[in-house]
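See structure below.
Reckoned from all heavy atoms, side chains included, excluding hydrogens, waters and symmetry mates.
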Amino acid sequence: MKTGFSRIGFVLAAAGSAVGLGNIWRFPYVTGEHGGGVFVFLYLISIALIGLTVFIAESYIGKESRTNAAASYQVTSATNNKNWRWAGFQIFAGIVILSFYAFIIGWIINYILISFTGLPSSIKDAQDTFTNLITYEIGTQILFHTIVIAIIVYIGLKGIKEGIEKANLILMPLLAVILIGLLIYSTTLDSFGKAISFMFMPDWSKFNVDSVLAAVGQAFYTLSVGMGIIITYSASMAKDANIVRSSIYVAIVDTLVALMAGVIIFSFLFSAGAESAAGPGLVFISLPLIFGGWGIFGQIIAISFFCALLFAGITSAVSLLEPSVMYLIEKFKMTRVKATLITAGFVYILGIVGLLSMSNDYGTMLTFFGKSLFDWLDYLTASIALPISGFVTAIFLGYFVDKNILKTKFTSHVSLTIFNIWYFLIKYVVPIAIILLFLNLLKVI
Ligand code: PFF
């Protein structure tokens, strides 16, 4: 039985990993907070120069080493140095991200049900629905969190080809159909033109360093780099695959989905005269309120929208589990069942502690130095671990792998010019961009 990805299967699964809550939930609200067009412009540049460069790098490491995300660095390094295994810390960061990614997908299931039974009718109602869910409804959240973990385990247990590739083959086209439908509908709204100009006509007075760094951070998050995911998936890709081409396909699909989600959401928001800078509550507070004002039709749109978000979330969640599963299988000779259950069990428990940290009853107990455990996990992984591992990967390929080997491997598929551009980006541009990101985080710039 073939266990690796087919050629199209890899692109689909990597796109399934990339296209997630980051595109439909995070991208629109970060765009809104950073003033629209300027941010979109910076984001596109960050994807092309930084995100795509690291994506190709991870794909190279995985495809050449054909092993898990920790061993892969050692195998690929010029000296076979054991210390490179520490780069595998990103596997752990990935499962920590998954612990809260899973209960956020649980919220989405809750909103699909709300879309059937009754959407909020006033802003207070919309805010209360969301606040009640995260602060009081612990049982509901644990129930949906359990369902999400069960779905992921079910797919993960079937393995790369039968589980991950198949799930993507079904869920990705469904996601595409729903998003295209919503996009067509948004073109009929008067606010469509306003949404387009908000997103694509930069207002340069809104330009600032923060937006540049937010754009770089979003590029990492959205392409699923820095978590060992792309390394893990690439280890199962066809041996003669063209990694530059497949990476470009994934980046294009991911970017198109983010832009579509942005246009759809801003058309909806502007049609109701709502705020574009509503932050993380945009999708869970502002949108349900708007859908609620559209009657039965709004319920149908709401169900479609939250299903799109659910499908995108599931295919990404499955990918966040796989690096750890592959690591445990290879390192400790575990069976897939045992490796999946151990990883999922850890994610399940950490997720519950994470969601309790936002609740009324346990919030104070699980708050440290002014941040809830959930905020800490989010901050330490998305803002710290992701860029650090991107940095490690860039330094690794730029300085610890023989350039001639890289050149030979790359130029069997792409021109020397393309290789030279990628090499310049990975050796200089990516590390400098990440250092700037950290200086900004430390408030030095
Ligand atoms: N790329 C996916 C998304 O944008 O939602 C999944 C993901 C991967 C999210 C890695 C976060 C992350 F750190």
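Closest of all the heavy-atom pairs between Leu377 and Ser99 is CD1-OG, 4.2 Å. Residue Phe268 comes nearest to Ser186 through the heavy atom pair CE2-CB, 4.1 Å, listed as atom of the first residue, atom of the second, then distance. Heavy atoms only, all atoms of each residue included: Tyr221 and Gly22 are closest at CE2-CA, 3.6 Å. Annotation for Ile178 and Cys307: closest pair CD1-CB, 4.1 Å, computed over non-hydrogen atoms. Nearest heavy-atom pair, Lys161 versus Phe5, reported as atom, atom and distance to 0.1 Å: NZ-C, 4.5 Å. Across all their heavy atoms, Thr393 and Ala57 have their closest contact at CG2-CB, 3.9 Å.
In this structure, Gln90 contributes its side chain and Ala385 its backbone to no donor-acceptor pair below 3.5 Å. Side chain of Thr129 to main chain of Ile285: no donor-acceptor pair is present (N/O by atom type, distance under 3.5 Å, no hydrogens or angles). Under a 3.5 Å cut-off, the side chain of Lys158 and the backbone N or O of Gly163 do not form any donor-acceptor pair. Although no hydrogens or angles enter the test, the distance criterion places a donor-acceptor pair under 3.5 Å between the side chain of Ser247 and the main chain of Ile243. Of the possible polar contacts, none joining the Ser234 side chain to the Gly62 backbone as a donor-acceptor pair under 3.5 Å is found. Of the possible polar contacts, one joining the Tyr111 side chain to the Phe284 backbone as a donor-acceptor pair under 3.5 Å is found. Side chain of Ser324 to backbone of Leu321: no donor-acceptor contact under 3.5 angstrom is found. Of the possible polar contacts, none joining the Ser359 side chain to the Leu355 backbone as a donor-acceptor pair under 3.5 Å is found.
In summary, the side chains of Asp254 and Thr222 do present a donor paired with an acceptor at a separation below 3.5 Å, with no hydrogens or angles considered. A donor-acceptor contact closer than 3.5 angstrom is absent between the side chains of Thr131 and Asp128. Under the 3.5 Å distance criterion, with hydrogens and angles disregarded, a donor-acceptor pair is assigned to the side chains of Ser6 and Glu165. No side-chain donor-acceptor contact under 3.5 Å links Ser65 and Tyr73. A donor atom on one side chain and an acceptor atom on the other are not found under 3.5 Å apart for Thr367 and Ser372. Under the 3.5 Å distance criterion, with hydrogens and angles disregarded, a donor-acceptor pair is assigned to the side chains of Tyr348 and Thr146.
In summary, Glu322 and Arg336 engage in a salt bridge, as defined by a charged side-chain N under 4.0 Å from a carboxylate O.
Aromatic ring centres of Phe297 and Tyr185 lie closer together than 6.0 Å. Between Phe198 and Phe270, the ring centre distance stays below 6.0 Å. For Trp422 and Phe410, the gap between ring centers is short of 6.0 Å. Aromatic pair Phe103/Phe144: centroids not less than 6.0 angstrom apart. Trp107 and Phe306 have their aromatic ring centers separated by at least 6.0 angstrom.
Distance check, rounded to the nearest 0.5 Å: CD1 of Ile265 to CD1 of Ile24 gives 7.5 Å.
Under the 4.5 Å side-chain criterion, counting only non-hydrogen atoms from C-beta, Ile180 is in contact with Met260. Using a 4.5 Å heavy-atom cutoff, the side chains of Asn132 and Glu137 are in contact. Side-chain contact check for Leu380 versus Val96: every heavy-atom pair is 4.5 Å or farther apart. Annotation: side chain of Val19 is not in contact with side chain of Ser316 (no heavy-atom distance under 4.5 Å).
Of the residues Trp204, Phe207, Phe200, the one that meets the ring-ring contact (aromatic ring centres under 6.0 Å, His included) test with Phe41 is Trp204. When Leu350, Val325, Val347 are each tested for a side-chain contact (heavy atoms from CB on, under 4.5 Å) with Ile95, only one passes: Val347.
A 6.0 Å sphere centred on CG of Asp190 holds no more than 12 heavy atoms belonging to other residues, nucleotides or ligands. Annotation: Tyr362, atom OH; neighbour count of heavy atoms from other residues, nucleotides and ligands within 6.0 Å does not exceed 12.
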Could you give me the CA-CA distance, side-chain angles and deciding distance for Lys206 and His34, then say whether side chain to side chain contact (heavy atoms under 4.5 Å, CB included) is met?
-> CA-CA 7 Å; Lys206 300 227 166 88; His34 289 274; over 6 Å; no
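Using a 30° and 60° split on the angle between ring planes, Phe291 and Phe305 fall in the tilted class, from 30° to 60°.
Under the 6.0 Å distance and 45° angle rule, Lys371 counts as a cation-pi partner of Tyr379.
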